[in-house]
Amino acid sequence: MDRNLTRSDVQKLVKICVDRLLDKKHPSLDTIKMQVYFDMNYTNREEFLDEHHRVLECRLSIVSREITDNRARSREELESLYRKIVSYILLRSGLGSPTDIKVVREATAALQSVFPQSELGTFLSLSKKDKERQLKELTMIVTGIRLFNKDCGKGGEGIDNLPAILNEAIPATTQHIDSQLQTSQEQAYRYTAILEKATENPLLMKDLEPLMIKEALFNLRQYEVFLNIILSDIITCAQEVEMMIKQLAAQMEQLKMTVQAKTAVPTSQVYPIFIALSGLWTSFQDETVLLSVLSNLTTHLGPFLGTHENLYNAQLIQDLLEEVEVKTDVFRIKESMGTRVNANDFKKVDWLFPESTANFDKLPIQYRGFCGYTFAVTDGLLLPGNPTIGILKYKDQYYTFNSKEAAYAFAENPNKYIEMIGEKAKKSAELIQLLELHQQFETVIPYSQVKMVDKHIKPITRCESSTQTDVHIMQPTIEKGYEWNEWELRRKAIKLANLRQKLTHSVQTNLSHMRRENSTQVYPLKSNGTQTKRENSTRVPRPQIYIAGLRGSNTASLHAVKVNLTRAVDET
């Protein structure tokens, strides 16, 4: 870092990087791969559902335009338009395939009850926005009718029983994740016990370095963090499904009470219920897709733990655990229960306790709840902090500790231990994500260099029906000495790349604009004519002018005569 790199330095650096990337027996690299994979494929619940709905709208926009831009006139064209409306409703609702004749017949019958083909003329006279709004409303009403018929046992062709599917899938997925979580935690507890034993014996710690037990512990702890995030989303999913099942039953009961045995029911009474049923079913579909994505994400995280089986066999771990007590996180917290910090012993820092702090259990604890002091003074030992000992508030950040002694030592000089943790993270890059140290690695970039960084973050385009809108993902206000979090920049760049990859399946972006031939459907004007019973016309006399004497004469002088034989107008 103290001089410019020579050609040989660059070649050496490249070789080091390549060797590291190709190392298949290194837990640290597996952890980084796991972190990158999770960042690229996970989004929170709200962002995922918003993106899912936007993509569906974008895919349906083509079918919608074929309907809203249609200028059907003949009987055949009107019938074709009606069939397109039925297909649009099936595609938007997701209740059966538009190629299944039974599904199409059922959807057509439901549509005819609220929108007969004779009303197509009125529909075609509407504006484009009104047509789109009516198509969405018709979809919800037809969906509600079909769901009600299915509940009554009179239809429901191609409609899956989503509540029953979710009631079966959610517990199975939760049980699978719990099993994976328990297995990884038990392994992490064993590695923690080994490292805890090694901290008391420097010779043993030196012998353990080639085994990379510390990196393996980081790998398992990161896997545990990701599984807990996914499990939290699935629990939320289960709560939403339970609430929606009750709402669905209530809406069905209300609809049955409204309809009963009546031959005719006012639309103002049943249409809102049909629309509510459609909204609930859309939510069931959202939960199904979300659960599937979370389940696949869990499955794909597993291979990043494969190094453990290759490096550590059961006998080796058993030998290292000889005369060592393996403690769980819960047991360690129970050990420190009953001890707490005396806030009067400190004047420059604040301590928070459960009985005097609102939302005590929701405070954003640093280092994901691990004891910062223990990690700093040992060689990477991750022990859970106990909030009941007291939470240290320092520079608007919150720290927990695994013992009262650790809390006192850290509070005497917090900056010292924070810097020590940062130095350890420089040697093990996976700790930046694992312990959430992104803010600690901020740097100040000169104004002249900000544009170099910013040019890699390009805007993406979102497809909104038939229009396009530029959405600038990250365009900060540039000032001199702008403080820029380089880690956040890399994370957002990865997120942006993944988002752009998803969007371009059926969305035009700045990168794809003008890269392919586009065609537009037009309707040329027809030539009009009028038919009468007699054919009539007028004739204008043609000019007939001749010049005589231009040739055939033997005289020296030319004598030409101009003769006009054009007939008068009244003679024609």
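Just so it is clear, the values below take in all heavy atoms, side chains as well, and ignore hydrogens, waters and symmetry mates.
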(request) List the steps, then state whether side-chain contact (heavy atoms from CB on, under 4.5 Å) holds for Leu363 with Ile391. (result) CA-CA 9 Å; Leu363 293 175; Ile391 296 179; 3.9 Å; yes

(message) Could you go through Gln285 and Val289, starting from their C-alpha distance and side-chain angles, then the distance that decides it, and tell me whether this counts as side-chain contact (heavy atoms from CB on, under 4.5 Å)?
(response) CA-CA 6 Å; Gln285 292 170 331; Val289 175; 5.6 Å; no

(request) With sequence neighbours excluded, tell me which residues meet ring pair (Phe, Tyr, Trp, His ring centres under 6.0 Å) with Phe284. (result)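 Applying ring pair (Phe, Tyr, Trp, His ring centres under 6.0 Å) to Phe284 gives Trp281.
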
Output the distance between atom [atom1] ([X]) and atom [atom2] ([Y]), rounded to the nearest 0.5 Å.
X: Asn219; Y: Gln187; atom1: CG; atom2: CD; result: 9.0 Å
X: Thr339; Y: Met337; atom1: OG1; atom2: CE; result: 9.0 Å
X: Thr43; Y: Phe48; atom1: OG1; atom2: CZ; result: 6.5 Å
X: Gln433; Y: Leu437; atom1: CD; atom2: CG; result: 10.0 Å
X: Asp329; Y: Asn386; atom1: CG; atom2: CG; result: 11.5 Å
X: Lys424; Y: Lys427; atom1: NZ; atom2: NZ; result: 7.0 Å

[X] versus [Y]: any side-chain heavy-atom pair under 4.5 Å?
X: Asn41; Y: Tyr37; result: yes
X: Thr328; Y: Gln185; result: no
X: Tyr367; Y: Leu434; result: no
X: Glu287; Y: Leu166; result: yes
X: Phe218; Y: Pro27; result: no
X: Lys393; Y: Val349; result: no
X: Ser336; Y: Ile389; result: yes
X: Pro387; Y: Phe360; result: yes

Holding to side chain to side chain contact (heavy atoms under 4.5 Å, CB included), I want the full list of residues that pass it with [X], two or more places apart in sequence or in another chain.
X: Arg7; value: Gln11
X: Thr374; value: Cys371, Thr378, Leu381, Leu383, Asn402
X: Leu316; value: Leu211, Tyr312, Asn313, Leu320

Does the distance from a Lys or Arg side-chain N to an Asp or Glu carboxylate O, for [X] and [Y], drop under 4.0 Å?
X: Arg92; Y: Glu57; answer: yes
X: Lys15; Y: Asp19; answer: yes
X: Glu196; Y: Lys327; answer: no
X: Glu430; Y: Arg221; answer: no

(request) Could I get the full list of salt bridge (Lys or Arg N to Asp or Glu O under 4.0 Å) partners for Lys33, not counting sequence neighbours? (result)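 With sequence neighbours excluded, Lys33 shows a salt bridge (Lys or Arg N to Asp or Glu O under 4.0 Å) to no residue whatsoever.
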
Donor-acceptor check, side chain of [X] to backbone of [Y], threshold 3.5 angstrom: yes or no?
X: Ser184; Y: Leu181; answer: yes
X: Asp9; Y: Thr6; answer: yes
X: Asp160; Y: Leu162; answer: no

(message) Test of understanding: with side chain to side chain donor-acceptor pair (under 3.5 Å), list the residues that count as partners of Asp319, not counting sequence neighbours.
(response)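 Side chain to side chain donor-acceptor pair (under 3.5 Å) check on Asp319 returns Gln315.
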
(message) Run the side chain to side chain donor-acceptor pair (under 3.5 Å) test against Thr143 and tell me which residues pass, sequence neighbours left out.
(response)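 Scan of Thr143 (side chain to side chain donor-acceptor pair (under 3.5 Å), adjacent residues dropped) gives none.
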
Which atom pairs, one a donor and one an acceptor, fall under 3.5 Å between side chains of residues 225-247 and the rest of the protein, sequence neighbours left out?
from   : atom 1 : to     : atom 2 : distance (Å)
Asn228 : ND2    : Glu224 : O      : 3.1
Asp233 : OD2    : Tyr42  : OH     : 2.6
Thr236 : OG1    : Ser232 : O      : 3.0

(message) Looking at Lys197, I'd like to know if its NZ atom is crowded, meaning that more than 12 non-hydrogen atoms belonging to other residues, nucleotides or ligands lie closer than 6.0 Å.
(response)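 Buried by this count: over 12 neighbours within 6.0 Å.
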
(request) Please name the residue in the list Glu51, Glu47, Arg45, Glu46 that meets the side chain to side chain contact (heavy atoms under 4.5 Å, CB included) test with Leu49. (result)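 Among Glu51, Glu47, Arg45, Glu46, the one that satisfies the side chain to side chain contact (heavy atoms under 4.5 Å, CB included) with Leu49 is Arg45.
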
What pairs of residues pass the side chain to side chain donor-acceptor pair (under 3.5 Å) test when at least one of them lies in [range], not counting sequence neighbours?
range: residues 167-176; answer: none
range: residues 347-364; answer: Arg340-Glu355
range: residues 288-302; answer: none

Tell me the closest heavy-atom pair linking [X] and [Y], and the distance in Å.
X: Thr400; Y: Gly369; answer: OG1-O, 3.3 Å
X: Leu217; Y: Gly380; answer: CD2-O, 4.2 Å
X: Ala406; Y: Tyr373; answer: CB-CD2, 3.5 Å
X: Met420; Y: Ala376; answer: CE-O, 3.2 Å
X: Leu21; Y: Leu29; answer: O-CD2, 3.4 Å

(message) Evaluate Phe370 against Phe375 for ring pair (Phe, Tyr, Trp, His ring centres under 6.0 Å), listing each step before the verdict.
(response) CA-CA 8 Å; Phe370 293 112; Phe375 182 79; 8.6 Å; no

(request) Classify the side-chain pair Glu436/Gln366 by whether it contains a donor and acceptor separated by less than 3.5 Å. (result)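 There is no such pair between these side chains.
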
(request) Would you check if there is a donor-acceptor pair between the side chains of Gln397 and Tyr399 at a distance under 3.5 Å? (result)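 On atom types as modelled, these side chains qualify, holding a pair under 3.5 Å.
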
Check residues 407-418 and write down every donor-acceptor pair under 3.5 Å in which the side-chain atom is one partner and the other belongs to a residue at least two apart or another chain.
from   : atom 1 : to     : atom 2 : distance (Å)
Tyr408 : OH     : Asn342 : N      : 3.2
Tyr408 : OH     : Asp345 : OD2    : 2.6
Asn413 : OD1    : Lys416 : N      : 3.4
Asn415 : OD1    : Tyr394 : OH     : 3.0
Asn415 : ND2    : Tyr394 : OH     : 3.0

(request) Step through it carefully: locate the ring centre of Tyr223, locate the ring centre of Phe304, and say whether they are under 6.0 Å apart. (result)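 Not under 6.0 Å, so no.
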
